[in-house]
Amino acid sequence: MVKTDPRRCPWCRDDPLYVSYHDEEWGVPVADERALFERLVLEGMQAGLSWLTVLRKRAHMQKVFFNFEPAKLSSAGTPALERWMNDAGVIRHRGKLEAMIGNARATLALDGGLAHLLWSFVDGRPIQNRYKRMADVPSETSESRAMAGALKKAGFRFVGPTTCYALMQSAGMVNDHLVDCAAHKRCSVEAKSWLL
């Protein structure tokens with residue numbers, strides 16, 4: 001078991017999957033369309049569940065969900081949906097699975113792409129927050145509310161303001177590592193040269 005590191009955000013606890021996700025992904029800016037779509041789907045899948053549940057199923061979901069390629073998911077029909085509903089390795093929630101397919105179609109229909117749309121809510125540059133306690137970190141912001149509204153208008157589902165803020169944190173649109181977390185500085189340094 002991995003020891004809890006006081007230089008990490010307390011939410012990642014000591015589970016190796018959490019630690020790896022915290023140290024290597026969360027808060028690191030992402031512009032790749034497929035990777036952003038995956039984050040969007042995973043954050044929507046997480047609603048009502050623990051993030052650790054999603055992380056434990058992620059590798060299998062990547063395999064059966066065509067590595068979250070919107071073009072491939074957009075053509076998934078009833079047979080695929082029924083297979084997924086009987087697959088214990090995925091989040092078996094019909095509404096979320098249907099939303100993933102619909103969101104893939106909505107992604108393909110976007111003018112300018114998903115990265116352009118999502119990053120437009122932070123003007124293409126990561127916001128560098130300086131929170132000292134987890135209690136200070138918001139669950140949604142004006143930017144995430146605007147993002148949720150735009151995504152819903154474009155036909156996306158499972159994209160409320162809280163889900164959108166979690167996506168912003170995950171994809172590095174905001175740096176919400178606590179200031180005493182070692183990852184805060186790493187993400188801040190990377191953000192200095194970042195502009196989408």
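Numbering starts at 1 and runs along the sequence shown.
At least one side-chain heavy atom of Leu40 sits less than 4.5 Å from a side-chain heavy atom of Val159. The shortest side-chain heavy-atom distance between Leu178 and Arg130 does not fall under the 4.5 Å cut-off. Counting heavy atoms from C-beta outward, Tyr131 and Val179 have side chains that stay 4.5 Å or more apart. Side chains of Ile127 and Met173 form no contact here, defined as non-hydrogen atoms less than 4.5 Å apart. Side-chain contact between Trp84 and Met100 is present, with at least one heavy-atom pair separated by less than 4.5 Å. Residues Gln169 and Asn175 form no side-chain contact, since every pair of their non-hydrogen atoms from C-beta on lies 4.5 Å or further apart. Counting heavy atoms from C-beta outward, Cys187 and Val28 have side chains that approach closer than 4.5 Å. Arg7 has its side chain out of reach of Asp180: every pair of non-hydrogen atoms, C-beta onward, lies at least 4.5 Å apart.
Taking both residues in full, the closest heavy atoms of Leu42 and Val54 are given as CD2-CG1, 3.8 Å, listed atom of the first, atom of the second, then distance. Taking every heavy atom of both residues into account, Pro126 and Pro29 meet most closely at CG-CG, 3.9 Å. Counting all heavy atoms, side chain and backbone alike, Glu43 lies closest to Ser170 at OE2-CB, 3.5 Å. The shortest heavy-atom contact between Glu143 and Met168 is CB-CE, 3.8 Å. Shortest non-hydrogen contact noted between Glu38 and Gln62 is OE2-NE2, 2.8 Å. Here the shortest heavy-atom pairing between Lys96 and Gln46 reads NZ-C, 4.3 Å.
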- [ ] Please test Met45 against His93 for side-chain contact (heavy atoms from CB on, under 4.5 Å), starting from the C-alpha separation and ending with a verdict.
- [x] CA-CA 8 Å; Met45 291 275 186; His93 182 289; over 6 Å; no
Open item on the list: Does Glu82 form a salt bridge (charged side-chain N to carboxylate O under 4.0 Å, His left out) with Arg94? I'd like the steps, not just the answer.
Closed with: CA-CA 9 Å; Glu82 293 308 320; Arg94 186 173 294 276; 3.1 Å; yes
Task: Worked check of side-chain contact (heavy atoms from CB on, under 4.5 Å) between Leu118 and Phe37 - done: CA-CA 10 Å; Leu118 296 179; Phe37 182 76; over 6 Å; no
Task: Trace of the side-chain contact (heavy atoms from CB on, under 4.5 Å) decision for Lys57 with Val90 - done: CA-CA 6 Å; Lys57 293 179 180 273; Val90 306; 5.8 Å; no
TODO: May I have the step-by-step check of side-chain hydrogen bond (donor to acceptor under 3.5 Å, both in side chains) for Asp87 and His60, ending in yes or no?
DONE: CA-CA 10 Å; Asp87 185 342; His60 183 70; 2.7 Å; yes
Open item on the list: Applying salt bridge (charged side-chain N to carboxylate O under 4.0 Å, His left out) to Arg105 and Glu98, what does each step give before you reach the verdict?
Closed with: CA-CA 11 Å; Arg105 293 173 183 153; Glu98 289 172 345; over 6 Å; no
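Taking the ring centroids of Phe68 and Phe65, they lie under the 6.0 Å cut-off. Here the two rings, on Trp194 and Trp119, have centers that are under 6.0 Å apart.
Between the CG atom of Asp176 and the CD atom of Gln128 there is a distance of 9.5 Å, given to the nearest 0.5 Å. Here Tyr165 contributes atom OH and Ser144 contributes atom OG; the two are 7.5 Å apart, rounded to the nearest 0.5 Å. Between the CG atom of Leu97 and the CZ atom of Arg83 there is a distance of 12.0 Å, given to the nearest 0.5 Å. Ile91 CD1 to Thr53 OG1: the interatomic distance, rounded to the nearest 0.5 Å, is 6.5 Å. Going from atom CZ of Arg39 over to atom CZ of Arg34 covers 9.0 Å, rounded to the nearest 0.5 Å. Atom SG of Cys9 is separated from atom NE2 of His22 by 3.5 Å, given to the nearest 0.5 angstrom.
Taking the six-membered ring where tryptophan is involved, the planes of Trp51 and Tyr21 are tilted, since the angle between them lies from 30° to 60°.
A salt bridge links Asp23 with Arg8: at least one charged nitrogen is closer than 4.0 Å to a carboxylate oxygen. Between Arg56 and Asp15, at least one side-chain N (NZ, or NE/NH1/NH2) sits under 4.0 Å from a carboxylate O, which counts as a salt bridge. The existence of a salt bridge linking Arg186 and Glu24 is excluded, since no basic side-chain nitrogen approaches an acidic carboxylate oxygen closer than 4.0 Å.
Between the side chain of Glu33 and the backbone N or O of Leu114 there is at least one donor-acceptor pair closer than 3.5 Å.
A 6.0 Å sphere centred on NE2 of His116 holds no more than 12 heavy atoms belonging to other residues, nucleotides or ligands.
Leu151 and Leu108 are not part of a single hydrophobic cluster, where members link through side-chain heavy atoms under 4.5 Å apart. If you chain together hydrophobic residues whose side chains sit under 4.5 Å apart, Met61 and Leu17 fall into the same group. Residues Leu117 and Phe158 are members of separate hydrophobic clusters, defined by side-chain heavy-atom contacts under 4.5 angstrom among Ile, Leu, Val, Met, Phe, Trp and Tyr.
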